[in-house]
Amino acid sequence: PVVATRCGGPEYIIDDERLGRLVDVDDEDEFYDAVVDVINNYESFDPVWMHSNIKERFGFENFARRLREIYEEAVVNL
């Protein structure tokens, strides 16, 4: 699990609390609380599910499929 700030990128990846925690930028207390929460509840995170979720969403197969879709759309719109 990760703790990250809502700064335009992590929200796309950490879209489920089972992957970690998102906190507001420049809120040190919220960041601290999120880290403590992750540490205290570490056993509730399922590393197999986390790996599978991230691999499915951001792995090579998904990347290749999405890239092909983009190229196909570009060719159709020429």
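Keep in mind it's a predicted model, so treat the numbers as computed, not measured. Hydrogens, waters and symmetry mates are skipped; everything else that's a heavy atom, side chains included, is used.
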Exercise. More than 12 non-hydrogen atoms from neighbouring residues, nucleotides or ligands closer than 6.0 Å to CZ on Arg65, yes or no?
Worked result: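 Yes, enclosed.
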Exercise. Can you name the nearest heavy-atom pair linking Val48 to Asp46, along with the distance?
Worked result: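 Scanning both residues, the minimum pair turns out to be N-OD1, 3.0 Å.
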For this session: Scan residues 21-57 for pairs that pass ring pair (Phe, Tyr, Trp, His ring centres under 6.0 Å), counting only residues two or more places apart or in two chains.
Result: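 Every pair satisfying ring pair (Phe, Tyr, Trp, His ring centres under 6.0 Å) with a residue in residues 21-57: there are none.
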Hydrophobic clustering (ILVMFWY, side-chain heavy atoms < 4.5 Å, transitive) - are [Y] and [X] grouped together?
X     : Y     : value
Val2  : Ile39 : yes
Ile14 : Tyr12 : yes
Phe58 : Phe60 : no
Val36 : Val38 : no

For this session: Kindly write out the residues that satisfy side-chain hydrogen bond (donor to acceptor under 3.5 Å, both in side chains) with Glu73, not counting sequence neighbours, or none if the list is empty.
Result: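 Per chain and number, Glu73 pairs via side-chain hydrogen bond (donor to acceptor under 3.5 Å, both in side chains) with no residue.
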For a quick test of your reading: what N or O donor-acceptor pairs under 3.5 Å do the side chains of residues 20-28 make, sequence neighbours left out?
from, atom 1, to, atom 2, distance (Å)
Arg21, NE, Asp37, OD2, 2.7
Arg21, NH1, Glu17, O, 2.6
Arg21, NH2, Asp37, OD2, 3.0
Asp24, OD1, Arg6, NH1, 2.9
Asp27, OD1, Asp29, N, 3.4
Asp27, OD1, Glu30, N, 3.0

Exercise. Can you name the one residue among Arg57, Lys55, Glu56 that meets side-chain hydrogen bond (donor to acceptor under 3.5 Å, both in side chains) with Asn53?
Worked result: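 The residue from Arg57, Lys55, Glu56 that satisfies side-chain hydrogen bond (donor to acceptor under 3.5 Å, both in side chains) with Asn53 turns out to be Arg57.
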